[in-house]
Amino acid sequence: MAATASKPSDSPCTLVLCGKSAAENEIAKSLRDNAALKLAENDGVSVLLQSELDKPVEEGSFRVDSFVKSLSTNRFGRFLLWSPLLPSTHDVVSLNFGQLPVGSVCVADIQYKGRGRSKNLWESPKGSLLFSFTLQMEDGNVVPLVQYVVSLAVSEAIKEICDKNGLPFVDVRIKWPNDLYLNNLKVGGVLCTSTYRSKKFDVSVGIGLNVDNEKPTTCLNAFLKELSDVDYKFAREDILAIFFSKFEKFFDIFIDQGFQALEELYYKTWLHSGQRVIVQENNEDKVVENVVTIQGLTSSGYLLAVGDDCRMCELHPDGNRRKKKDSSLQEANYHWGVSL
């Protein structure tokens, strides 16, 4: 899903603003009237209110009305920016953090400069749920853990939709630290960035989830079709509305009680409990391979593992993939951190 991308030729960008309440719609009007939004690529980008759309959106576009009607949150998702085509939803919310209400969400049907980890670009075909939203936190020590809360909310939202509609269980799992997997294939990812301002951390959260696009890997609807012949398709608007309900609940627990209150549910959802992996340890001028078993998360959000010599250690992510030498061991993206 990491790929280079370019803007489709002769494709103008339109950004549509709307809110859940009259007060939020007034904010939208003020932002439009004062040309207050900063955009990474200003040329050819028009900012409109939802009421100003002069023609129906194209078939397959995100249905703003459906999302707003379904949304039942107090803070998150209530102010919406939607576009059929954007460079990056993450850039929109990051550049305008101070202008937008906290909890605002930007949704795009297609991105051509979507962002991933390690400065990768995220391939964002039509049919994906592509969105970024804002939140604020005061404790910098727990900011890195918020991506786990986000990932958990995505997985739990899919489960709730399945339960409500009598669907087979679509088991979206979390691959630490920020990937979403389905049937051993990557189906989504989470990106969190933050800046410190006025004694608070401004956090921009970006999510990409394959809903109705079978490429480049798989998607929710393709997997559901394999499981059952039910006449149902996941809708991006429903997923987003239920995601925000889940996230708002989990985020309050996270802030009030710490991530420990969510750990049991998180461990049921991730891929790693008891996983044995090969990792590397730099020992003077040599690289030594070790086999460890993942136990959980440390208080700082890294992986807690134990070696065959009973030594506890903390594992940090590493972008260098290693070949599996033993089929019984999982390929790992980790390296040794500090011993605990």
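No hydrogens, no waters, no symmetry mates; every other heavy atom, side chains included, goes into these values.
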I'd like to know if the side chain of Ser94 reaches the main chain of His90, judged simply by a donor and an acceptor atom lying under 3.5 Å from each other, with no hydrogens or angles considered. yes
Does Leu167 belong to the same Ile/Leu/Val/Met/Phe/Trp/Tyr cluster as Leu240, with side-chain heavy atoms less than 4.5 Å apart forming each link? yes
Could you tell me whether Lys246 and Glu156 make a salt bridge, using a distance below 4.0 angstrom between a side-chain N and a carboxylate O? no
Using 4.0 Å as the upper bound for N to carboxylate O, is an ion pair formed by Asp109 and Lys126? no
Any chance you could measure Asp238, atom CG, to Ser66, atom OG, to the nearest 0.5 Å? 5.5 Å
Check: Asn183 side chain, Leu185 main-chain N or O, donor-acceptor pair, under 3.5 Å: no
Enumerate the side-chain hydrogen bond (donor to acceptor under 3.5 Å, both in side chains) contacts for residues 254-263, please, sequence neighbours excluded, ordered by first and then second residue. Glu263-Tyr267
Under 30°, 30 to 60°, or over 60°: which ring-plane class applies to Phe251 and Phe247, parallel, tilted or perpendicular? parallel
Should the pair Asp91-Lys38 be classified as a salt bridge under the 4.0 Å nitrogen-to-oxygen rule? no
Would you please indicate if the ring centroids of Phe254 and Tyr148 are separated by under 6.0 Å? no
Taking 4.0 angstrom as the limit, do Arg173 and Asp179 come out as a salt bridge? no
Answer yes if the side chains of Ser61 and Glu58 hold a donor-acceptor pair under 3.5 Å, and no otherwise. no
For the backbone of Leu100 and the side chain of Ser104, can you confirm whether one donor and one acceptor N or O come within less than 3.5 Å of each other? no
Measure up the Phe244 and Phe76 rings against each other and bin them: parallel (under 30°), tilted (30 to 60°), perpendicular (over 60°). parallel
Taking only residues two or more places apart in sequence or in another chain, which ones pass side chain to side chain contact (heavy atoms under 4.5 Å, CB included) with Pro144? none
Sidechain-backbone polar pair: Thr217 side chain, Lys186 backbone, donor-acceptor under 3.5 Å: yes
